[in-house]
Number of protein chains: 2
Amino acid sequence: MTSPTPTPDRRLFGPGPSNPYPEAVAGLNRPILGHLDPDFLAIMDDTCAMLRTVWGTENSRTLPLSATGSAGMEAAFVNTVGPGDVAVIAVNGLFGERMCDVAARCGADVVRVDHDWGQPIDPQRVADAHPSPKVIAAVHAETSTGVRSDIAALGRLKGDALLITDAVTSIGGIELAADDWGIDVGYAGSQKCLGVPPGLAPFTINDRAFARRIEHPQSWYLDLGLLGGYVGEASARHAGRTYHHTAPTGMIASLHDGLARILAEGLPAVWARHAEAGHILQDGLEKLGLELFAAQGFRLPELTTVKVPEGVDSAAVRSELLTRYNIEIGAGAGAYASTVWRIGLMGHNARPDAALLILAALAEILGR
Amino acid sequence: MTSPTPTPDRRLFGPGPSNPYPEAVAGLNRPILGHLDPDFLAIMDDTCAMLRTVWGTENSRTLPLSATGSAGMEAAFVNTVGPGDVAVIAVNGLFGERMCDVAARCGADVVRVDHDWGQPIDPQRVADAHPSPKVIAAVHAETSTGVRSDIAALGRLKGDALLITDAVTSIGGIELAADDWGIDVGYAGSQKCLGVPPGLAPFTINDRAFARRIEHPQSWYLDLGLLGGYVGEASARHAGRTYHHTAPTGMIASLHDGLARILAEGLPAVWARHAEAGHILQDGLEKLGLELFAAQGFRLPELTTVKVPEGVDSAAVRSELLTRYNIEIGAGAGAYASTVWRIGLMGHNARPDAALLILAALAEILGR
């Protein structure tokens, strides 16, 4: 029980984590530094600068939170809504639902705007749901359904509200332009299209949202006012650093090196690579006679949802992919657990060869 | 800016993170697995089992939280206290103070029992502070002062209250016996005596505390009722796993392999190694004419506090250690920032050669 066991080398073609970029793995192998070491603080500042680029923002308060993407969601709400604040939340999948739960735990008055799963959100309907919400929240790329929504359109309609955006599955995979689109608060995860192991939540908040934040949020760990003494804000001010918590320095070095690799390729090229891999996969699945789940025109290239064919045992296929080919794909989410598969080609896996491999493996197992 | 830079190979002799065990570093290099992969779930279950051993507990709900030790503190309070609940908190350093802040954000009625920094807590005074608190909380090993407190004595006096214990700097370094001592809820960190990179918070809660928990805590991310569907409780029940959030699978593999290394050496031998290294260091510092800060009889072997000699610039010495010898030590905490040094010999660094090295470097720089 207590000795290390061999670990299978999986192809992580599920909804995340994805196989990290080799550069991000190499980053994990850098010597661990202390969280107040000047050399580490330089890595942290570089990381924040590169995060600004992938977010498409100038926000000084752009930083990696020391937890996974779901904690990023929690940070977005605990810092912006308190008891009685109206939060309009667009729900078109599992992560929109989770937002409602998280916001309600902050005491917010949640106005939920439901959409069919597999469809994008309707920005006008979301904007019309309440005359004066404090925040409007939506998921850019719904991990549960593989659907992209038009955040820019929502940003044009938001009025005085703060716009919170979940970019967990979009960042580093498809176009994201926080400032141009009017995103006031955004959170993401390291482990999908950024191609870094799971454990960090890239986060950004603009001055407008920070000025209207909850000054003493219910979470100490995710209190952006306190965090600002250590990272993001502090680095922008070139001020002294105040200890808050022990940053996961090794993970941040990995994120740094993963981001450097992405920016060396260039964001437009990275997006084009994701688009190409997703196109090959989705085209190939249809040629196998399978039916895609997400609404046409709104399909994410990095995360494809496909219906399990009639009479096929979803779990048995996933199990055979895993044991025979070391390939992981995801089950569906929520009510679609056994009727949809989720296939991610994210980050390092956003390549034509990965698309060919999963198509060949599925064709073989399904006998098509 | 965007290309990886060489990273100095520091000796991390501060209050944490410490240099990880080589086995924990090797664990980081295992291929990343999905958080629902059966091979990963086996690693997770093994990890929880080994965590029970280092905690000294049989609690089924023993698990690594996906964030750092400070999030462990937050998890302890958000799951046990709500508005109006009385929380008696022993404060003899920075982390006791932080507990008061975190508990207050949960709406708790905080009864703070202050002690001088550098002294252990007085269990009787803490127990007498309120007739019927819901929780009593104390820090086992105060990272800010290098002091050990008698948690077993507090456990004998706790009455009906739940005992919350901060074991961030004690776990894996000195004796810890959660069940025997009456600890109901405990949290720790991966990055000190466990010798694993920062990013995880080993956590344990017993059935008594779980039964009296806040059923719908203000934190979704740290909701132990929800987490129980994925890890700890679920593995004990051999039940199906429910997705909660994406576990940091790489970090958990590293923790697994670090724990396996500790248990291969044996906990008593590991504790003896920490005791020996701390003794050499503390003895040597006194021979250099320096004065220890923590009260005699209550000094942690893994974290030594020493007064900065009269007329010596604390920051200049730390800077010279860093730049000339690649050695990190810590400044003091709070009011002692410039008058105390904190020297940690934790985990992989709990060795006689590490003690000799820091003594030699200090002697050279101080000209003694």
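Per chain, numbering begins at 1; letters A, B, ... match sequence-line order.
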| task | Below 4.5 Å from any heavy atom of chain A, which atoms of B:L226 appear? Answer side chain, backbone, both or neither. | result | side chain

| message | Looking at every heavy atom in both A:V110 and A:A103, which two are closest together, and how far apart are they? | response | CG2-CB, 3.9 Å

| query | Testing A:L255, A:L259, A:D45 for side-chain contact (heavy atoms from CB on, under 4.5 Å) with A:M50, which one passes? | reply | A:L259

| field | Partner residues of B:S254 under the side chain to side chain donor-acceptor pair (under 3.5 Å) criterion, sequence neighbours left out | value | none

| query | Centroid-to-centroid, A:H245 to A:W220, below 6.0 Å? | reply | no

| remark: Residues passing the side chain to side chain donor-acceptor pair (under 3.5 Å) test with A:D37, sequence neighbours excluded, are B:R10

| query | What option among B:A67, B:C106, B:A331 has the most heavy-atom pairs under 4.5 Å with chain A? | reply | B:A67

| field | A:N326-A:D9 side chain donor-acceptor pair, cut-off 3.5 Å | value | no

| said: Which atoms of B:L94 are under 4.5 Å from chain A, going by heavy atoms: the side chain, the backbone, both sets, or neither? | reply: side chain

| task | Nearest 0.5 Å please: distance from the CD1 atom of A:I343 over to the CD1 atom of A:I329. | result | 5.0 Å

| Contact class of B:A42 relative to chain A, heavy atoms under 4.5 angstrom | neither

May I have the list of side-chain donor-acceptor pairs in residues 191-200 of chain B shorter than 3.5 Å, sequence neighbours left out?
| unit_1 | atom_1 | unit_2 | atom_2 | d |
| --- | --- | --- | --- | --- |
| B:K192 | NZ | B:P15 | O | 2.5 |

| said: Less than 4.5 Å to any heavy atom of chain A: does that hold for the side chain of B:F95, its backbone, both, or neither? | reply: side chain

| Electrostatic pair A:D223:B:R105 at N-O distance under 4.0 angstrom | yes

| Where on B:L12 is there a heavy atom nearer than 4.5 Å to chain A: the side chain, the backbone, both, or neither? | side chain

| request: Go through B:D101, B:T249, B:L28, B:L222 and name the one with the most non-hydrogen pairs under 4.5 angstrom from chain A. | output: B:D101

| When only pairs under 4.5 Å are counted, which of B:G14, B:A104, B:A71, B:G107 shares the most heavy-atom pairs with chain A? | B:A71

| Do we see a donor-acceptor contact under 3.5 Å between the side chains of B:T68 and A:S66? | no

| remark: Ranked by heavy-atom pairs below 4.5 Å to chain B, first place among A:E74, A:E328, A:H244 goes to A:E74

| query | If you check every heavy atom in residues 19-26 of chain A against those of chain B, which residues fall under 4.5 Å? | reply | A:P20, A:V25

| note | Per-residue tally against chain B (heavy atom, under 4.5 Å) across A:S18, A:S219, A:G16, A:A253 peaks at A:S219

